[in-house]
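Working notes for the structure below.
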Amino acid sequence: MNYNTHTLSNGLRVIHLHDASPVVFCGYGVNAGARDEASGEEGLAHFCEHVSFKGTKRRSSLQVLNCLERVGGDLNAFTNKEDTVYHAALLREHLPKAVDLLTDITLHSTYPQSEIDKEVVVIADEIESYNDSPAELIYDEFENIVFEGHPLGHNILGDAARVRAFTTADALRFTQRFYRPSNMVFFAYGDISFSRLVKLLEKATSDFPAAAPELPDLEEAQAVLPDYHPGVIEQQRATHQAHVMMGNRSYGIHSDKRIALYLLNNILGGPGMNARLNLSLRERNGLVYTVESSMASYSDTGAWSVYFGCDHHHVEKCIRLVKRELTRMMDRPMTDTRLAAAKRQLKGQIGIACDARESFALSFGKSFLHYGWERDVERLYQNIDAVSPKLVQEVAQEIFNPESLITLKFL
């Protein structure tokens, strides 16, 4: 893949991938998320994402919403543990409008208190709605346990009571700390002129002084991680189903074992109907509707987990079946034939996912933001092909060790 990249004098990094489609996906990635919140700021990164749409020095909230919508474009944003992204989808002829608007809301929002007073009701409702969804809530609660006492354990949405107390001053304090060109990237995917894009961004961000881009030190962890305490935690939730998550702390993005876990995770509980956990718990035993495994890789650490929801009477049987599959991966290396088939399946899934252009644009924007990488799918395929049966078993023995697992039960 032939990416175009450039760094503006103010430190803003720009990445573009050409594509023949007239639809352009673009946006700003900000190197600030839930893990960057100080004590007492839990939920502030997500709060700032919401209220960035509520007025700038040049636009009212209604003008922000109408700017791209009136030409058929789409404007959106989301917050993660390590970043916040403001992005748009539009026809290529409206690129100048998108660059201007996205720059305005990320770098010139005023966060008026009158708008905040209305928006906190919306955010609080989002939080309470999330709390009513145990199948989603358990993921955040699990990471809160895995990274207890560390900002990575922060619930991205925060607490409703705290969010209701946030003010204009809080939003300005957080965004002035992180929302600046040198701590951001602009990504674009579509049939546009890269030189024109650079000129549009130079004009839009011309009021910021010269600065070096703030790339993280890839050799150093961002913070000392807390001690890890495996065990079983039960929480009474009075839900129709029991919800269970089992897992372990795992590898950061730079670990040479991460790709092996990526492959192993897909074999066990990936989206394929032939994933081992799905075959065991659902197809053979009819105990669950959903069972899946997932992994999150951050700059300096990660988390791996298995989730399932089932009848309360079937919890222990499901746990035994999950552990049996984990033990199989620890005890016996995969044959070359089975591993080759698993690699083909994973590469096929990746190839199909890359055809979802918006998701791919967000993905390569994130890679460039955090690591300075130009996302290379062919290189990813090569890394998958290089994984050996011995390495898969070694990773399984390290991550699936029953004495190292945390089991969280919503009962």
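All of these numbers come straight from a predicted model, not from anything done at the bench.
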N/O donor-acceptor pairs under 3.5 Å from side chains in residues 329-338, not counting sequence neighbours:
from : atom 1 : to   : atom 2 : distance (Å)
T335 : OG1    : R338 : N      : 3.1

Enumerate, atom names and distances included, each donor-acceptor pair closer than 3.5 Å involving a side-chain atom of residues 269-280, sequence neighbours excluded.
from : atom 1 : to   : atom 2 : distance (Å)
N274 : OD1    : Q345 : NE2    : 2.9
N274 : ND2    : Q345 : OE1    : 3.2
N278 : ND2    : M273 : O      : 3.0

Report yes or no: does [X] contribute a side-chain atom to a donor-acceptor pair with the main-chain N or O of [Y] at less than 3.5 Å?
X    : Y    : answer
S250 : A303 : yes
R249 : V146 : yes
S109 : S52  : yes
E148 : G153 : no
H154 : I156 : no
T84  : A32  : yes
T168 : Y111 : yes
D159 : R162 : yes
S293 : N265 : yes
N10  : T205 : yes

### Task
Using the salt bridge (charged side-chain N to carboxylate O under 4.0 Å, His left out) rule, take D300 and R35 through it: C-alpha gap first, then chi angles, then the decisive distance, then the call.
CA-CA 12 Å; D300 49 354; R35 77 172 297 168; 3.0 Å; yes

When you check the gap from the basic side-chain N to the acidic O, do [X] and [Y] get nearer than 4.0 Å?
X    : Y    : result
R177 : E37  : no
R173 : D170 : yes
D100 : R59  : yes

### Residues that K257 engages under side-chain hydrogen bond (donor to acceptor under 3.5 Å, both in side chains), provided they are two or more places apart
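With sequence neighbours excluded, K257 shows a side-chain hydrogen bond (donor to acceptor under 3.5 Å, both in side chains) to E394, E398, given in chain and number order.
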
#### Entry: Set of side-chain hydrogen bond (donor to acceptor under 3.5 Å, both in side chains) partners for Y3, sequence neighbours left out
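For Y3, no residue satisfies side-chain hydrogen bond (donor to acceptor under 3.5 Å, both in side chains) once neighbours in sequence are set aside.
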
### Query
Sequence neighbours excluded, which residues qualify as ring pair (Phe, Tyr, Trp, His ring centres under 6.0 Å) partners of F187?
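Partners of F187 under the ring pair (Phe, Tyr, Trp, His ring centres under 6.0 Å) test: none.
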
### Sequence-distant partners of F410, ring pair (Phe, Tyr, Trp, His ring centres under 6.0 Å), two or more places apart
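Per chain and number, F410 pairs via ring pair (Phe, Tyr, Trp, His ring centres under 6.0 Å) with no residue.
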
Assess whether atom [atom1] of [X] is packed by more than 12 heavy atoms of other residues, nucleotides or ligands within 6.0 Å.
X    : atom1 : answer
D207 : CG    : yes
Y289 : OH    : no
Q235 : CD    : yes
K343 : NZ    : yes

Within the 6.0 Å centroid threshold, strictly below: [X] and [Y]:
X    : Y    : value
F368 : F364 : no
Y28  : F186 : yes
Y189 : H18  : no

For residues [X] and [Y], determine if any side-chain heavy atom of one lies less than 4.5 Å from a side-chain heavy atom of the other.
X    : Y    : answer
L137 : Y139 : no
F78  : L362 : yes
L268 : L326 : yes

### Message
Which label fits W373 and H254: parallel for a plane angle under 30°, tilted from 30 to 60°, or perpendicular past 60°?
### Response
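W373 vs H254 ring planes: perpendicular.
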
Are [X] and [Y] linked by a side-chain donor-acceptor pair shorter than 3.5 Å?
X    : Y    : answer
S182 : E214 : yes
R375 : S363 : yes
H243 : Y307 : yes

For [X], check salt bridge (Lys or Arg N to Asp or Glu O under 4.0 Å) against everything at least two apart and list the hits.
X    : answer
E292 : none
K347 : D385
R92  : D191
E358 : none

### Message
List the residues meeting side-chain contact (heavy atoms from CB on, under 4.5 Å) with K199, not counting sequence neighbours, and say none if there are none.
### Response
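Per chain and number, K199 pairs via side-chain contact (heavy atoms from CB on, under 4.5 Å) with E202.
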
Which atom pairs, donor and acceptor, lie under 3.5 Å between side-chain atoms of residues 119-133 and protein residues at least two apart or in another chain?
from : atom 1 : to   : atom 2 : distance (Å)
E119 : OE1    : K54  : NZ     : 3.2
E119 : OE2    : H50  : ND1    : 2.8
E126 : OE1    : H46  : NE2    : 3.4
E126 : OE1    : H50  : NE2    : 3.1
Y130 : OH     : E136 : O      : 3.0
Y130 : OH     : D140 : OD2    : 2.8
N131 : ND2    : I127 : O      : 3.4
S133 : OG     : S129 : O      : 3.3

### salt bridge (charged side-chain N to carboxylate O under 4.0 Å, His left out) between R320 and E325, worked out
CA-CA 9 Å; R320 288 196 300 271; E325 293 302 322; over 6 Å; no

### Task
Dump the intermediate steps for side chain to side chain donor-acceptor pair (under 3.5 Å) on N383 and Y262, then the final yes or no.
CA-CA 11 Å; N383 290 338; Y262 183 33; over 6 Å; no

### Query
Passes ring-ring contact (aromatic ring centres under 6.0 Å, His included), W304 versus Y251? Steps please.
CA-CA 9 Å; W304 174 84; Y251 310 118; over 10 Å; no

